[in-house]
Structure formats: C-alpha cells, structure tokens
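Have a look at the structure below before the remarks.
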Amino acid sequence: PVAVQHIYISCFEMFSKYAPRLRCRCNSLNKSVSIRCLSDKSSDPNDPEKENKVVAEKEYKTPAAGTYHSPWIILKEEVKSITGAFTTGHVTQARNVVPREADILVIGGGLVGNSVAYWLKKRNPKGVNVTIVERDYGYTRASSMLSAGGIRHQFSLRENIEMSMFTTDFIRNIREHLSVLDHEPPDVQFNHQGYMFLANKEQAENLETCVKFQRELGAKIELMSREKISQKFPWVNLEGIEMASYGTQGEGWFDPWLLLKAFRQNNVNNEVTYVKGEVVGFQKTNNPGSHVGSATDFQTLNNIDIKDEEGNLHQMHFSLVINCAGPWAGEIAEMAGIGTGQGGLSVPLPVEPRKRFVYVIHCPNGPGLEAPLTVDTNGVYFRREGLGGCYICGLSPEEDKEPDISNLDVDYTFFEEKIWPKLAYRYPQFEKIKLKSAWAGYYDYNYVDQNLIIGPHPKFRNFWFANGMSGHGVQQSVAIGRAIGELFYDHDFTSIDLTRFGFDRIMHDEPVLENFIV
C-alpha cells in the first residue's frame with residue numbers, strides 16, 4: 001500500500017507543474033500534494049461563475065467504466081479515495097467511494113446479500129470482483145435483523161427442507177467456514193430447542209404426511225401423540241389438539257446479527273467492496289441480432305445509477321447484478337424495467353414488504369427453558385427469549401387486514417385482541433404476563449406462493465433474483481448464497497435443485513405452494 005501511495009504522489013506532483021493548486025492531504029504519509037482541475041480558472045472568492053460551478057458539480061454524475069471520463073475528474077476522485085483510506089485498510093469503506101465497475105454487483109447488504117458475496121468469493125477469491133451496495137448499514141429496516149431468528153426443517157417442500165438443513169450444518173461448523181485470522185471465532189448463539197407444531201383433527205393427516213417426508217430427507221422430527229405431548233410439555237392445554245410434530249435436532253433459533261457480522265468480516269478479508277448508497281436506475285442495451293418483441297429478444301443491463309449518502313450520483317458498470325434487496329426487491333426489479341414492458345417484461349417481480357409484529361412478554365412462571373418454538377393451530381407462536389423469564393410471540397395478520405408499511409410503528413391492540421387471548425387459552429401460564437416491549441419488521445413477501453425466487457430473468461440474463469422468502473430468509477440465506485455461487489460457476493444447481501423456484505413459474509402462473517407458513 002505504501003508503494004501504491006508513492007505512485008499516486010508522483011503522478012500528482014507531475015500534474016501540479018502545470019496547474020494552479022488544489023490542496024490535498026494524504027493522512028497516512030502526512031504529505032501534501034497538488035493537482036489541477038482545468039475548470040478552476042480563478043481562485044477569486046468573488047468569482048461570478050463560482051455559484052454556477054457549485055451547482056454543476058452537484059448535478060454531475062460520475063460515469064461508469066467504458067464511457068468517457070475526464071482525466072482531471074478521475075484524478076480528483078483518486079485523491080479523495082486515498083484520503084484517510086489506509087486508516088482502516090479498506091479504501092471503499094473509509095470514504096465510501098463508489099467504484100466505476102464491478103464484475104458482480106449485489107444489491108442489498110443483508111444476510112442474503114452477504115451470503116451471496118461469500119460463496120462467490122469462496123470459489124474464486126482473486127478472480128472475481130464483488131461489490132455490495134446497501135443504503136442502510138445501520139440495518140434499521142433490514143428484515144434479517146428484525147426477525148425472530150428461527151430455523152426449522154419442518155416444511156412441506158423438499159427445497160425448503162434441504163435449504164434449512166444445510167444452514168443448520170453450516171452454523172454447526174461456522175468456525176471452519178467464517179473464521180478470520182486475528183479475529184475471534186464466530187458464534188451465532190444457536191439455541192437447539194427445536195420447533196413444535198400443534199395440529200387439530202383436520203390438520204393431523206397432513207402433518208403426519210409431512211413428517212414422514214421430512215424424515216425421508218434426514219430431518220430429525222418426532223410425531224407426538226396427545227399423551228406424549230402431555231408428558232413432555234405439561235404446560236400445553238390439549239383441548240382440540242390431536243398430535244404435534246417436534247424437531248429434536250437441528251432446529252431452534254440464533255442471532256441473525258452475529259451471522260451477518262461473521263459474513264461481513266470474512267467478506268472484507270476477501271476484498272469484497274461495500275458501498276453505502278441507493279440504487280436509483282439502470283441502463284440497458286439490446287443484444288446484437290435480437291429484435292424487440294421477438295423470441296430472441298434478450299437485453300442486457302450494463303450500468304447502474306447509485307446515489308451516495310451525500311446525494312451525488314454515480315454510474316457503475318457491471319457484468320452481473322444480483323437482486324438481494326429483500327422487501328424492496330420488487331422496486332429494484334421495476335427500475336430495471338421488469339413488469340413495465342411487453343412480453344417477458346410485462347410480469348412484475350411479485351415481492352413486496354409486509355409488516356409483522358414481535359412482542360416481548362415477561363412471565364416468571366412460564367413454560368421454562370426447555371420450551372421449543374411452539375406454533376398453535378391458529379398460527380400464534382412463542383419462544384423463550386433469554387434466561388430471565390421473557391418470551392417473544394407473534395401472529396401473521398389476515399390477508400385483508402395487512403398493517404400499514406409506511407413505518408415500523410407497533411400496533412399494541414393487535415397483541416391485546418388477537419394474540420394474548422389465544423396464547424393464554426393454549427398455555428394457561430400466560431394468563432398473567434407483562435408486556436415488556438415490541439418491534440416490527442418486514443417480510444420480503446412473495447404474494448404468489450410465499451417461496452424463494454432465484455436465478456436469472458428470462459429477458460435480462462444478467463439480472464438475477466434471490467428474493468421472496470416470505471419470512472424464511474434468515475434460515476435459507478446460507479443455502480441461497482451457495483446456490484447462486486453454483487449457478488455462476490457451474491451454470492446449474494449442483495447441491496440442492498432449486499429449478500422449481502425460478503422466475504419462469506411466475507411468468508407461467510404456476511405457483512409452488514408451501515403448507516408450513518408461519
């Protein structure tokens with residue numbers, strides 16, 4: 001890095017011979033350098049053109065690689081990029097400089113986006129350049145950070161079962177996967193308490209069939225009769241309950257933030273570039289030989305417009321863009337023209353934000369430390385939170401009564417009217433509780449079939465999806481990242497076949513339905 005800085009200094013000093021001075025400081029070398037911008041014709045503070053220059057500079061959009069770019073502007077940006085950059089060891093993070101190009105651009109810096117970047121770099125650390133753009137690195141609205149952090153193998157679809165089972169295996173061996181030299185080994189605080197689904201007479205047959213299928217795939221799920229439920233979990237009111245399924249291994253919950261932190265730490269070590277900014281547009285071109293509206297009409301997205309935190313616009317060139325924008329994935333797809341055109345572009349990405357509430361209650365005499373994450377026949381769930389007698393609980397609202405998504409305000413009436421009565425009926429210990437706090441988060445809700453959409457768009461072959469998990473993103477993120485890596489390097493899904501989850505099913509109106517949605 002020091003040698004590189006000396007090269008920059010030499011270049012700047014050469015240019016300074018022919019120019020008035022623009023003072024810059026390289027903090028790590030404690031040297032001043034001088035460069036010239038040709039537009040700086042006067043340093044007079046009363047220059048009548050000064051105001052127009054400021055306005056023009058604010059409206060200027062940094063072009064992507066491959067387009068004309070003034071050498072003086074390039075030089076000015078390079079000076080800005082090294083100022084203070086070597087204090088952290090990562091140029092882009094230090095000054096949030098938007099690169100002019102990237103091999104692969106990942107939109108969304110949550111768990112899915114970071115997992116995708118990890119698996120892409122794992123296969124070829126030096127051969128592929130990966131950039132993640134995220135508008136909120138505080139993760140104040142990120143679905144993964146506001147989730148309950150659950151992981152279960154109890155699904156009805158093979159793909160969902162296998163993805164969650166792989167995530168469990170990955171977390172068990174997380175130190176082998178995500179450890180970084182000179183850093184503490186990662187630990188995501190995995191609680192292995194399992195999931196328990198209660199079923200009434202109408203649900204029993206379907207539950208029994210699903211458990212049999214889950215066992216065939218290697219999941220450790222136990223089918224429990226009323227008597228067995230009563231013996232193991234005496235705090236359950238069994239009125240109306242016929243049986244239950246209980247995950248004895250590999251299920252439970254963990255801290256999503258700690259997994260995200262481990263991914264990011266590993267990605268930075270592997271030179272993944274992180275940019276703070278908001279995607280505001282795309283540019284596309286028709287492929288040679290294609291005809292608009294024909295069967296061979298394939299287009300390519302090549303540049304993206306990014307607005308940085310200071311409001312400046314930057315254009316970045318990329319070869320492949322992967323949409324990992326969570327609840328806002330539909331907006332990103334629409335910016336690219338998906339759902340706004342004709343033919344293959346007439347079908348939108350069916351992903352939108354849906355708000356869900358999580359309530360924290362305190363009940364010293366509650367079910368206890370061995371209680372699994374329990375889901376009642378009506379969809380109300382609860383699990384233990386910590387060791388101090390606290391629990392979290394929630395319920396998805398009715399389809400026609402979705403809460404307002406313009407903010408993350410919590411509806412406490414929903415708890416009092418919809419959750420607490422059902423909770424106290426099924427688990428009498430919860431008749432006496434204290435509501436401690438609550439929060440709201442977003443599902444990246446696929447309103448067609450509530451399942452993952454993954455892989456390339458049929459028209460934009462270099463626009464890939466990793467969206468629509470509908471509340472399962474945390475537990476599927478690791479497997480989704482691996483699948484994207486396989487698709488990129490092997491041109492196929494080689495571990496878990498996710499072909500059914502492609503965008504084609506959306507275009508042909510062939511939903512793939514999952515029975516176990518919480």
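On a predicted model such as this, the values are computed, not experimentally measured, just so you know.
Ring geometry, Tyr195 versus Phe197: the interplanar angle falls under 30°, so the pair is classed parallel (tilted spans 30 to 60°). Ring geometry, Tyr359 versus Phe357: the interplanar angle falls from 30° to 60°, so the pair is classed tilted.
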Does the pair Val280 and Ile306 meet the rule for a side-chain contact (heavy atoms from CB on, under 4.5 Å), with working shown?
CA-CA 6 Å; Val280 294; Ile306 298 175; over 6 Å; no

Go through Val380 and Arg426 one step at a time and tell me if the side-chain contact (heavy atoms from CB on, under 4.5 Å) criterion holds.
CA-CA 10 Å; Val380 173; Arg426 184 62 64 198; over 6 Å; no

Would you check, one step at a time, whether the test ring-ring contact (aromatic ring centres under 6.0 Å, His included) holds for His192 with Phe190?
CA-CA 6 Å; His192 297 262; Phe190 192 5; 4.0 Å; yes

Dump the intermediate steps for side-chain contact (heavy atoms from CB on, under 4.5 Å) on Phe503 and Phe463, then the final yes or no.
CA-CA 11 Å; Phe503 191 78; Phe463 186 99; over 6 Å; no

Check step by step if side-chain contact (heavy atoms from CB on, under 4.5 Å) holds for Asn446 and Phe501.
CA-CA 12 Å; Asn446 173 357; Phe501 284 170; over 6 Å; no

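Two residues are said to be in side-chain contact when any heavy atoms from C-beta on lie closer than 4.5 Å; Asn267 and Lys121 fail this criterion. In this structure the side chain of Pro397 reaches within 4.5 angstrom of the side chain of Phe414, judged on heavy atoms. Side-chain contact between Met163 and Ile480: present, with at least one pair of heavy atoms (C-beta onward) separated by less than 4.5 Å. The shortest side-chain heavy-atom distance between Ile107 and Ile322 does not fall under the 4.5 Å cut-off.
Judged by distance alone, with hydrogens and angles left aside, the side-chain atoms of Ser470 form a donor-acceptor pair with the main-chain N or O of Gly468 at under 3.5 Å. Side-chain atoms of Asn407 come within 3.5 Å of backbone N or O of Asp409 as a donor-acceptor pair. For Asp444 (side chain) and Ser143 (main-chain N/O), no donor-acceptor pair under 3.5 Å exists by modelled atom type. Here the side chain of Thr168 pairs a donor or acceptor atom with the backbone of Gly250 at under 3.5 angstrom. In terms of modelled atom types and a separation under 3.5 Å, the side chain of Asn129 and the main chain of Ala102 share no donor-acceptor contact. In terms of modelled atom types and a separation under 3.5 Å, the side chain of Ser477 and the main chain of Val474 share a donor-acceptor contact. Between the Ser230 side chain and the Lys228 main chain, no donor and acceptor come within less than 3.5 Å of each other.
Between Lys126 and Glu271 there is a salt bridge, since at least one side-chain N of the basic residue sits less than 4.0 Å from a carboxylate O of the acidic one. No salt bridge links Lys418 with Asp411; every basic N to acidic carboxylate O contact stays at or beyond 4.0 Å. Here Arg158 pairs with Glu162 in a salt bridge; the nearest charged N to carboxylate O distance falls below 4.0 Å. For the pair Glu352 and Arg354, the salt-bridge criterion is met [side-chain N within less than 4.0 Å of a carboxylate O].
Within the structure, ring-ring contact (aromatic ring centres under 6.0 Å, His included) pairs that include any residue of residues 220-250 comprise Phe233-Trp235, Phe233-Tyr246, Trp235-Phe382, Trp235-Tyr427 (at least two apart or interchain). Applying the salt bridge (charged side-chain N to carboxylate O under 4.0 Å, His left out) test to residues at least two apart or on different chains, the pairs with a partner in residues 497-518 are Glu159-Arg500, Asp449-Arg505.
Side-chain contact, Gln193 with Arg383: no donor N or O sits under 3.5 Å from an acceptor N or O. Side-chain N/O atoms of Asn160 and Asn451 include a donor and acceptor closer than 3.5 Å. In summary, the side chains of Gln476 and Thr167 do not present any donor paired with an acceptor at a separation below 3.5 Å, with no hydrogens or angles considered. For the residue pair Gln189/Asp187, the side-chain donor-acceptor check at 3.5 Å is satisfied. Between the side chains of Gln154 and Glu251, at least one donor-acceptor pair of N or O atoms lies under 3.5 Å.
Just one residue in the list Phe170, Tyr118, Phe263 forms a ring-ring contact (aromatic ring centres under 6.0 Å, His included) with His177, and that residue is Phe170.
Cation-pi geometry between Arg356 and Tyr443 is met: under 6.0 angstrom from the ring centre, within 45 degrees of the axis. Judged by the 6.0 Å distance and 45° axis criteria, Arg135 is positioned over the aromatic ring of Trp328. Judged by the 6.0 Å and 45° rule, Arg141 forms no cation-pi pair with Tyr442. By the 6.0 Å and 45° rule, Arg264 stacks over the aromatic ring of Tyr274.
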